[in-house]
Amino acid sequence: MAREAKNFDHLLGGKAKGLSDTQLNAHFTLYKGYVNKLNEIQTKLGTADRSAPNYSFNEYSELRRREPVAFNGTVLHEMYFGALGDGSTSASAAVKAVFEKSFGSFDAWLADTKACLMSAHGWTTLVYDYESGKLLNNLVHGEHHSGNFANVHVMAAFDAWEHAYFFDYQTGKAKYVENLLGGIDWSVIEKRFAEARLVG
Ligand SMILES: [Fe+2]
């Protein structure tokens, strides 16, 4: 069954800190493109010939290689838009305690996330590492289907590809990052932490 793009229009009208409607609408269009491609790939995979897979080129092989691009492009954007806010929420004491255990302090996480986003050409994700029971910052290098940590659960996704901010900020990436992190909807993050049983 085809996957439907989620609607994030509730962010329009100044509800996402520092992001104009023009910027957001352009980004929504890009996100919907990933959803459409994911559906296209998965539909073709339904009937693709599996008899001659090949590393260099084969239709089935190529569909499988590109599937994570569309899949992660879809999922990460949904996590990114899902936690954008206007800056009116703040991290609770319980949420801050989770960051403290993993990064030493909430502010240390914030500083590290800024540094990751300024280092990355695209995504930085906050992930939960089942092995250590701690949160990690994952600077996703290369295309977004590569460079992801294994055996982790994505708790938050931060998009610093130029398409996410260039209309509003041009080369002022640091200001975008500042507003992005200042506008996180902490009620969403706390809900994700609760689902992972990181907070009670
Ligand atoms: Fe994006």
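All residue numbers in this chain count up from 1 along the given sequence. Predicted model, so just to flag it, every value in this text is computed and none were measured. Both counts, for ligands and for their atoms, begin at 1 and track the order of listing.
Salt-bridge formation is not detected for the pair R192/E195: no Lys NZ or Arg NE/NH1/NH2 atom is positioned less than 4.0 Å from an Asp or Glu carboxylate oxygen. With respect to E178 and K114, a salt bridge is recorded, a charged nitrogen being found less than 4.0 Å from a carboxylate O. Salt bridge absent: E100 and K96 never bring a charged side-chain N and a carboxylate O closer than 4.0 Å.
Atom CG of L11 sits about 9.0 Å away from atom CG of D185, to the nearest 0.5 Å.
The number of protein N/O/S atoms found under 2.8 Å from the Fe ion (ligand 1) is 4.
A heavy-atom distance below 4.5 Å is not found between the side chains of L110 and F103.
Cation-pi geometry between R65 and F57 is not satisfied (NZ or CZ under 6.0 Å from the ring centre, within 45° of the ring normal).
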